[in-house]
Amino acid sequence: MTERKPPGVPFESWVDKQIGDAQRRGEFDQLPGVGEPLPAALEAPYDEMWWVKRKLAREGLALLPPTLALRKEAEDALVAAWAAPSERIVRKIITEINVKIRDMMFKPPPGPPLGKKPYDVEEVVREWRERRAAAGTEGTAGTAETEPESQV
């Protein structure tokens, strides 16, 4: 588009002519997103942090305060413990998350309070056994799997 607007030609008609010429040459045929609806973000109100949010979403990251991130991690650990194949793994998962919860309880970072206490390992193991029994599967047998371990 190196052609200059000729004198005396209205700007709008000159731009329309340039666009029409480019369409006839097929310069718009292979553009990314052709035939797709416009992104919903165009309808949203302006947000000056749009590029940060888009980058975080693209990278699969989330910015949560440490206490909220630990709350989510604790909930995920509990779900993982209930789905664990053996009692030993249940105890390992709960013990590891309890260490993190205790650390945050004694050294709270800025932000909202944690509002969580360490899980009772024996209680989680009992619930795990009940869920396995209700599902019709037996727990893994063996002394190493069923002996209670000391809590951290």
Side-chain angles (χ1 to χ4, degrees), residues 1-121 123-137 139-140 151-152:
M1 214 186 320
T2 58
E3 184 180 338
R4 296 185 64 128
K5 180 179 91 60
V9 176
F11 184 75
E12 289 82 15
S13 63
W14 181 75
V15 169
D16 289 338
K17 179 186 176 306
Q18 296 293 318
I19 292 172
D21 291 345
Q23 284 176 329
R24 282 188 288 284
R25 289 190 303 269
E27 293 183 18
F28 298 123
D29 294 344
Q30 300 299 323
L31 292 175
V34 69
E36 296 177 14
L38 293 173
L42 292 178
E43 301 294 325
Y46 179 72
D47 180 10
E48 60 188 37
M49 296 296 285
W50 66 269
W51 62 275
V52 173
K53 292 176 182 175
R54 186 177 298 165
K55 176 72 173 173
L56 290 173
R58 188 173 55 243
E59 298 294 329
L61 301 173
L63 289 179
L64 288 175
T67 52
L68 295 181
L70 183 58
R71 278 189 207 173
K72 178 162 180 16
E73 187 179 349
E75 291 169 6
D76 293 345
L78 194 56
V79 170
W82 287 333
S86 71
E87 186 175 317
R88 181 182 54 80
I89 295 173
V90 173
R91 290 178 184 279
K92 180 179 182 279
I93 292 170
I94 297 301
T95 302
E96 287 174 357
I97 197 65
N98 279 347
V99 168
K100 292 179 181 181
I101 292 172
R102 283 191 184 98
D103 286 347
M104 193 157 299
M105 285 173 63
F106 295 123
K107 297 178 272 183
L114 178 59
K116 219 160 202 18
K117 61 182 183 179
Y119 293 113
D120 179 359
V121 176
E123 178 67 21
V124 173
V125 168
R126 185 188 60 74
E127 287 179 31
W128 174 81
R129 285 181 185 148
E130 289 172 0
R131 287 172 180 255
R132 303 251 319 168
T137 59
T140 306
Q151 292 185 5
V152 176

Engineer: Output yes when Lys100 and Asp103 qualify as a salt bridge under the 4.0 Å nitrogen-oxygen rule, no when they do not.
Structural biologist: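 So Lys100 does not pair with Asp103 through a salt bridge.
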
Engineer: Using side-chain heavy atoms (C-beta onward) and a distance below 4.5 Å, is Lys55 in contact with Glu59?
Structural biologist: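 Yes, side chains in contact.
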
Engineer: When you measure from the side chain of Asn98 to the backbone of Tyr119, do you find a donor-acceptor pair of N or O atoms at a distance under 3.5 Å?
Structural biologist: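 Confirmed, Asn98 side chain pairs with Tyr119 backbone.
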
Engineer: Dump the intermediate steps for side-chain contact (heavy atoms from CB on, under 4.5 Å) on Leu78 and Ile94, then the final yes or no.
Structural biologist: CA-CA 7 Å; Leu78 194 56; Ile94 297 301; 4.1 Å; yes

Engineer: Say you draw a straight line from CG of Leu70 to CD1 of Ile97; how long is it, rounded to the nearest 0.5 Å?
Structural biologist: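 Taking CG in Leu70 and CD1 in Ile97, the distance rounds to 5.0 Å.
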
Engineer: Indicate yes or no: at least one non-hydrogen side-chain atom of Met104 is less than 4.5 angstrom from one of Lys116.
Structural biologist: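 Of all side-chain heavy-atom pairs linking Lys116 with Met104, none is under 4.5 Å.
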
Engineer: Starting at CD of Glu127, measure out to CZ of Arg132 and round the result to the nearest 0.5 Å.
Structural biologist: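 If I round to the nearest 0.5 Å, the distance is 15.0 Å.
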
Engineer: Does Arg71 come within less than 4.0 Å of Glu75, counting only side-chain N to carboxylate O?
Structural biologist: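 Salt bridge: no.
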
Engineer: One thing to verify: whether Glu123 and Arg126 come together as a salt bridge, which I'm taking to mean a side-chain N less than 4.0 angstrom from a carboxylate O.
Structural biologist: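 A salt bridge links Arg126 with Glu123.
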
Engineer: Taking all atoms of both residues into account, what is the closest heavy-atom pair of Ala81 and Val90, and its distance?
Structural biologist: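 Ala81 and Val90 have their closest heavy atoms at O-CG2, 3.2 Å.
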
Engineer: Nearest 0.5 Å, what's the CZ-CG distance between Arg54 and Asp47?
Structural biologist: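 Atom-to-atom, Arg54:CZ and Asp47:CG are 11.0 Å apart.
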
Engineer: Write down the atom of Gln23, the atom of Phe28, and the distance for their closest heavy-atom approach.
Structural biologist: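 Residues Gln23 and Phe28, closest heavy atoms: CG-CD1, 3.4 Å.
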
Engineer: Do Ile93 and Val124 have side chains that get closer than 4.5 Å, going by heavy atoms?
Structural biologist: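 Heavy-atom side-chain distance check fails, nothing below 4.5 Å.
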
Engineer: Is the number of heavy atoms from other residues, nucleotides or ligands under 6.0 Å of Gln30 CD greater than 12?
Structural biologist: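 No, because the 6.0 Å sphere around CD of Gln30 holds 12 heavy atoms or fewer from other groups.
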
Engineer: Take Val125 and Arg129, measure what side-chain contact (heavy atoms from CB on, under 4.5 Å) needs, and give me the verdict at the end.
Structural biologist: CA-CA 6 Å; Val125 168; Arg129 285 181 185 148; 3.8 Å; yes

Engineer: What distance separates Arg58 CZ from Trp51 CH2, expressed to the nearest 0.5 Å?
Structural biologist: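 One finds 11.0 Å between CZ of Arg58 and CH2 of Trp51.
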
Engineer: What's the spacing between Ile101 CD1 and Lys117 NZ if we round to 0.5 Å?
Structural biologist: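 It is 11.0 Å, given to the nearest 0.5 Å.
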
Engineer: So which heavy atom on Pro10 is nearest to which on Ser13, and how close?
Structural biologist: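 Minimum heavy-atom separation between Pro10 and Ser13: O-OG, 3.1 Å.
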
Engineer: For Trp128 and Glu87, which heavy atoms make the closest approach, and how far apart are they?
Structural biologist: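 Nearest pair, atom of Trp128 first, then Glu87: CH2-N, 3.4 Å.
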
Engineer: Do Thr95 and Val121 make a side-chain contact, defined as non-hydrogen atoms from C-beta onward lying under 4.5 Å apart?
Structural biologist: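 SC-SC contact between Thr95 and Val121 confirmed.
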
